[in-house]
Trainee: 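Structure in structure tokens, see below.
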Amino acid sequence: MERHKTEIGGFDAGGDPIIVEVDESKFFHRKYRRGTWREGHWVFGGIERVSKKCFMVEVPDRTAATLEALILQHCLPGTHIISDGCAAYRNVAALQNGIYQHSVVVHECYFVNPNDAEIHTQNIESLWMRAKRKLKRQFGTYRNLFSSYLQEYEFRSHMRGGKMFAEILCALIKNYPV
């Protein structure tokens with residue numbers, strides 16, 4: 001996973017831009033100010049609507065410079081990016097002279113745009129829920145291995161079906177030639 005960065009988005013076979021939802025989430029924080037305080041991990045991610053291909057990256061901060069660099073790294077040119085109203089996404093449509101389309105849903109007003117039902121971030125929110133649930137079921141995680149847990153989840157989500165074992169064997173062959 002580290003050598004083959006996930007790139008999503010771009011154009012589909014018909015030449016239409018692929019929709020990618022992006023968002024950031026904090027893992028392992030206390031919710032509603034209950035329980036003991038635990039430091040968390042900020043994670044930035046994106047998911048394609050149709051194929052469900054995704055990426056998740058631990059980030060040190062949620063500044064525009066950090067998130068825009070990750071969008072450029074993981075989203076192919078031509079992608080239609082949908083995000084929430086966070087100020088860090090303000091310049092996405094202007095990145096590299098406008099290689100992305102950008103739509104915004106403002107969660108303070110609504111979760112699905114009332115004028116266009118296609119503008120929402122429901123898929124990325126669902127990805128966060130599934131990833132957090134998976135990590136909680138592990139009965140504990142080590143802080144220094146958190147990024148590897150995200151990579152494992154991403155790998156498993158890409159390898160749904162019966163091809164996971166074959167992909168692991170191929171990765172072993174590439175990493176440890178005989």
Trainee: Applying side-chain hydrogen bond (donor to acceptor under 3.5 Å, both in side chains), run through D84 and T121 and close with a yes or a no.
Mentor: CA-CA 7 Å; D84 59 15; T121 57; over 6 Å; no
Trainee: So how far is it from I47 CD1 to Q122 CD, rounded to the nearest 0.5 Å?
Mentor: 12.0 Å
Trainee: Could you measure the distance from the CH2 atom of W42 to the CG atom of L67? Nearest 0.5 Å is fine.
Mentor: 10.5 Å
Trainee: Do V104 and Y110 land in one hydrophobic cluster if side-chain heavy atoms of ILVMFWY residues count as linked below 4.5 Å?
Mentor: no
Trainee: Linking I/L/V/M/F/W/Y whenever any side-chain heavy atoms sit under 4.5 Å apart, do I71 and V20 land together?
Mentor: yes
Trainee: Apply side chain to side chain contact (heavy atoms under 4.5 Å, CB included) to V59 and V43, showing your working.
Mentor: CA-CA 6 Å; V59 292; V43 177; over 6 Å; no
Trainee: Going hydrophobic residue to hydrophobic residue with side-chain gaps under 4.5 angstrom, can you get from Y153 over to F44?
Mentor: no
Trainee: When you compare the side chain of I99 with that of L72, does any pair of heavy atoms fall below 4.5 Å?
Mentor: yes
Trainee: With hydrophobic residues grouped by side-chain heavy-atom distances under 4.5 Å, do V92 and I119 end up in a single group?
Mentor: no
Trainee: For residues E21 and I124, report the shortest heavy-atom separation together with the two atoms involved.
Mentor: OE1-N, 3.0 Å
Trainee: Checking the side chain of D12 only, and the main-chain atoms of G15 only, is there a donor and an acceptor separated by less than 3.5 Å?
Mentor: yes
Trainee: Give a yes-or-no answer on whether the side chains of R130 and S126 include a donor-acceptor pair shorter than 3.5 Å.
Mentor: yes
Trainee: In this structure, which one of E48, R49, H80, K53 forms a side chain to side chain contact (heavy atoms under 4.5 Å, CB included) with I18?
Mentor: E48
Trainee: Does any part of the side chain of S25, heavy atoms only, come nearer than 4.5 Å to the side chain of K132, both counted from C-beta?
Mentor: yes
Trainee: Decide yes or no on side chain to side chain contact (heavy atoms under 4.5 Å, CB included) for V57 and Q73, but give the supporting numbers first.
Mentor: CA-CA 11 Å; V57 181; Q73 182 180 355; over 6 Å; no
Trainee: Examine distances only and state if a side-chain atom of K134 and a backbone atom of Y149 form a donor-acceptor pair shorter than 3.5 Å.
Mentor: no
Trainee: Of all the heavy-atom pairs spanning A64 and A88, show the shortest one and how long it is.
Mentor: CB-O, 3.6 Å
Trainee: When rounded to the nearest 0.5 angstrom, what is the spacing between NE2 in H120 and CD1 in I82?
Mentor: 7.0 Å
Trainee: Would you say the ring centroid of F27 lies under 6.0 angstrom from that of H41?
Mentor: no
Trainee: Taking the side chain as C-beta and beyond, is there a heavy-atom pair between H107 and V105 under 4.5 Å?
Mentor: yes
Trainee: Testing the basics here: between M56 and L150, what is the closest heavy-atom pair and its distance to 0.1 Å?
Mentor: CE-O, 3.8 Å
Trainee: Looking only at non-hydrogen atoms, find the nearest pair between S83 and H102 and report the distance.
Mentor: OG-NE2, 2.8 Å
Trainee: Would you say the side chain of F111 lies within less than 4.5 Å of the side chain of V106, judging by non-hydrogen atoms?
Mentor: no
Trainee: When you group the ILVMFWY residues by side-chain heavy-atom contacts below 4.5 Å and let the links chain together, are I19 and V22 in the same group?
Mentor: no
Trainee: Within the 4.5 Å heavy-atom criterion, are Q101 and T79 side-chain neighbours or not?
Mentor: no
Trainee: Restricting to non-hydrogen atoms, name the atom on C75 and the atom on F55 that form the minimum distance, rounded to 0.1 Å.
Mentor: SG-CE2, 4.3 Å
Trainee: When you compare the side chains of Y89 and E24, does any donor N or O come within less than 3.5 Å of an acceptor on the partner?
Mentor: yes
Trainee: Could you report the tightest heavy-atom contact between W128 and G45, atom names first, then the distance?
Mentor: CH2-N, 3.5 Å
